[in-house]
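Data block below; observations after.
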Amino acid sequence: VQLQASGGGLVQPGGSLRLSCAASGSVFSINLMGWYRQVPGKQRELVASITAGDTTDYLDSVKGRFTVSEDNAKNTVYLQMNSLKPEDTAVYYCYVKLWESTDTGLREHEYWGEGTQVTVSS
């Protein structure tokens with residue numbers, strides 16, 4: 001399974017960005033998809049997640065500004081980020097927990113995408 005993330009970049013405070021992450025390969029079904037972020041010297045933190053049943057979870061500091069969604073047909077998760085603040089600056093990582101098809105049957109596994117930089121600065 002491979003994860004391909006895109007959508008990071010430089011934006012001014014108050015601006016918006018949309019991150020996307022697509023899972024490809026031997027995906028059987030997806031249990032959960034989400035986004036984490038990390039700044040140097042700090043632990044990686046969960047920003048937002050969405051389950052197969054569309055239950056969402058958000059970091060308190062992004063509630064009301066960020067929206068996580070998924071396209072099940074495309075095995076893709078999105079993170080719409082509005083009203084961005086300088087403190088949102090970080091490397092954002094896509095995360096997927098899924099069942100994948102293997103030669104010996106189904107296996108539950110977790111995958112991380114390569115990080116994408118989000119910089120909020122004037």
Side-chain angles (χ1 to χ4, degrees):
V1 174
Q2 298 81 39
L3 299 183
Q4 182 66 49
S6 62
L10 172 64
V11 65
Q12 292 186 342
S16 298
L17 282 175
R18 189 191 194 207
L19 305 182
S20 65
C21 177
S24 62
S26 55
V27 177
F28 180 78
S29 66
I30 293 177
N31 298 333
L32 180 146
M33 302 185 82
W35 295 90
Y36 283 70
R37 69 186 183 188
Q38 189 171 24
V39 297
K42 292 190 176 181
Q43 286 190 330
R44 192 172 295 187
E45 63 181 358
L46 174 66
V47 177
S49 65
I50 183 167
T51 69
D54 290 335
T55 298
T56 57
D57 189 24
Y58 292 94
L59 182 67
D60 283 346
S61 63
V62 308
K63 287 180 180 177
R65 301 187 297 121
F66 291 10
T67 302
V68 64
S69 61
E70 62 182 354
D71 184 333
N72 293 324
K74 297 181 179 180
N75 290 335
T76 299
V77 62
Y78 304 96
L79 184 66
Q80 178 66 44
M81 304 185 292
N82 298 329
S83 302
L84 282 160
K85 303 176 180 181
E87 50 264 42
D88 294 319
T89 296
V91 177
Y92 284 70
Y93 296 91
C94 172
Y95 166 82
V96 175
K97 187 174 184 179
L98 53 77
W99 288 95
E100 62 179 335
S101 302
T102 72
D103 292 342
T104 56
L106 296 179
R107 179 183 74 161
E108 190 174 36
H109 201 63
E110 302 173 346
Y111 288 91
W112 291 89
E114 292 187 1
T116 183
Q117 178 70 46
V118 172
T119 302
V120 185
S121 175
S122 55

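This one's a predicted model, so the numbers in the text were calculated from it and none came from an experiment.
We find the OG-CZ distance between Ser101 and Arg107 to be 11.0 Å, quoted to the nearest 0.5 Å. Remark: Asn72 CG to Met33 CE distance equals 9.0 Å, nearest 0.5 Å. The OG atom of Ser24 sits 14.0 Å away from atom NZ of Lys74, with the distance rounded to the nearest 0.5 Å. Note: Asp57 CG to Thr51 OG1 = 10.0 Å, rounded to the nearest 0.5 Å. To the nearest 0.5 angstrom, Met81 atom CE is 11.5 Å from Arg18 atom CZ. Interatomic distance, Asn31 CG to His109 NE2, rounded to the nearest 0.5 Å: 13.0 Å.
Hydrophobic side-chain contacts under 4.5 Å tie Tyr78 to no other Ile, Leu, Val, Met, Phe, Trp or Tyr residue. Using a 4.5 Å cut-off between side-chain heavy atoms of Ile, Leu, Val, Met, Phe, Trp and Tyr, Phe28 falls into a hydrophobic cluster with Trp99, Leu106.
The closest side-chain heavy-atom distance from Leu19 to Val118 is below 4.5 Å. Between Gln12 and Leu84, every side-chain heavy-atom pair lies at or beyond the 4.5 Å cut-off. Inter-residue side-chain proximity for Arg44 and Val91 is flagged as unmet; no heavy-atom pair is nearer than 4.5 Å.
Checked by atom type, the side-chain pair Thr119/Ser121 shows no donor-acceptor distance below 3.5 Å. No hydrogens or angles considered: nothing links the side chains of Gln4 and Ser6 as a donor-acceptor pair under 3.5 Å.
Taking the six-membered ring for Trp and thresholds of 30 and 60 degrees, Trp112 and Tyr93 have ring planes more than 60 degrees apart, a perpendicular arrangement.
The nearest pair of heavy atoms linking Leu3 to Cys21 is CB-SG, 4.0 Å. The heavy-atom pair separating Arg37 from Phe66 by the smallest distance is NH1-CE2, 4.2 Å. Considering all non-hydrogen atoms of both residues, Ser69 and Ile50 come closest at CA-CD1, 4.1 Å. Across all their heavy atoms, Gly8 and Leu17 have their closest contact at C-CD1, 4.5 Å. Across all their heavy atoms, Ala22 and Thr76 have their closest contact at CB-OG1, 3.5 Å. Across all their heavy atoms, Thr89 and Val120 have their closest contact at OG1-N, 2.9 Å.
A salt bridge links Asp60 with Lys63: at least one charged nitrogen is closer than 4.0 Å to a carboxylate oxygen.
There is no path of hydrophobic side-chain contacts, each under 4.5 Å, that joins Leu32 to Trp35. Cluster annotation: Tyr92 is connected to Val11 through the hydrophobic network of ILVMFWY side chains, with a link wherever side-chain heavy atoms come within less than 4.5 Å.
For Glu87, the CD atom counts as densely surrounded, since its 6.0 Å shell holds more than 12 non-hydrogen atoms of other residues, nucleotides or ligands. Applying the 6.0 Å contact sphere to CD of Glu45 captures more than 12 heavy atoms from other residues, nucleotides or ligands.
Looking only at distances, no side-chain donor or acceptor of Tyr95 sits under 3.5 Å from a matching main-chain atom of Ser49.
Of the residues Val62, Thr67, Val47, the one that meets the side-chain contact (heavy atoms from CB on, under 4.5 Å) test with Leu79 is Val47.
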